[in-house]
Amino acid sequence: MKDALIKAGLISKEQVRRDEIEKKGPQQKGVHEHHVKTHCAQCNKPAEDVEYYEHTNRSLNSKWLCVSCADKNWIHDDTRQTQQSMAARSNRFQRFYGPTKKFAPGKDFKKR
């Protein structure tokens with residue numbers, strides 16, 4: 001039907017594309033806001049307290065670490081960029097290596 005209307009010259013291809021984009025909504029790339037990452041990339045195990053660390057430790061290839069891996073590898077909590085786990089959101093997140101980073105009260109987490 002669309003092809004027939006385009007061929008007849010009643011509507012343009014650009015109008016059809018815009019209509020399709022409006023129906024689909026905005027394109028989302030990567031992890032959705034409501035998804036919580038629960039897999040530690042270092043120990044390859046599922047964990048409830050996985051967070052994204054922007055660390056400079058060259059012996060680690062991964063940035064998504066659970067608390068135990070971050071503590072074992074001496075990753076300071078100041079390098080933590082997300083607050084995506086339920087423990088972190090409810091202020092029950094606690095690190096054993098160094099002080100725990102405090103996030104601003106209005107921000108839940110950064111999108112990654």
Residues forming a side-chain contact (heavy atoms from CB on, under 4.5 Å) with His76, sequence neighbours excluded | Asp78, Tyr97, Pro99
Shortest non-hydrogen contact from Cys40 to Leu65?
-> SG-CA, 3.9 Å
Applying salt bridge (Lys or Arg N to Asp or Glu O under 4.0 Å), which residue pairs with at least one partner in residues 41-51 are found, sequence neighbours left out?
-> none
Got a sec, which residues hit side chain to side chain donor-acceptor pair (under 3.5 Å) with Ser59, two or more places apart in sequence or on another chain?
-> Asn57
Please write out which residues are connected to Phe96 in a hydrophobic cluster, directly or through intermediates, given that two of Ile, Leu, Val, Met, Phe, Trp, Tyr count as joined at side-chain heavy-atom separations below 4.5 angstrom.
-> none
What distance do Ile75 atom CD1 and Lys63 atom NZ have between them, rounded to the nearest 0.5 Å?
-> 8.5 Å
Side chains of Asn44 and His39: closer than 4.5 Å at any heavy-atom pair?
-> yes
Evaluate the side-chain proximity of Ser68 to Cys43: yes if any heavy-atom separation is below 4.5 Å, no if none is.
-> no
Under the salt bridge (Lys or Arg N to Asp or Glu O under 4.0 Å) test, which residues partner Arg95, sequence neighbours left out?
-> Asp71, Asp77
With sequence neighbours left out, what residues match Asn73 under side chain to side chain donor-acceptor pair (under 3.5 Å)?
-> none
If you round to the nearest 0.5 Å, how far is SG of Cys69 from CH2 of Trp64?
-> 14.5 Å
So how far is it from Tyr52 OH to Arg80 CZ, rounded to the nearest 0.5 Å?
-> 14.0 Å
Would you please name every residue forming a side chain to side chain donor-acceptor pair (under 3.5 Å) with Ser62, sequence neighbours left out?
-> Gln42
What heavy-atom pair brings His55 and Leu60 nearest, and what distance separates the two atoms?
-> CE1-CB, 3.7 Å
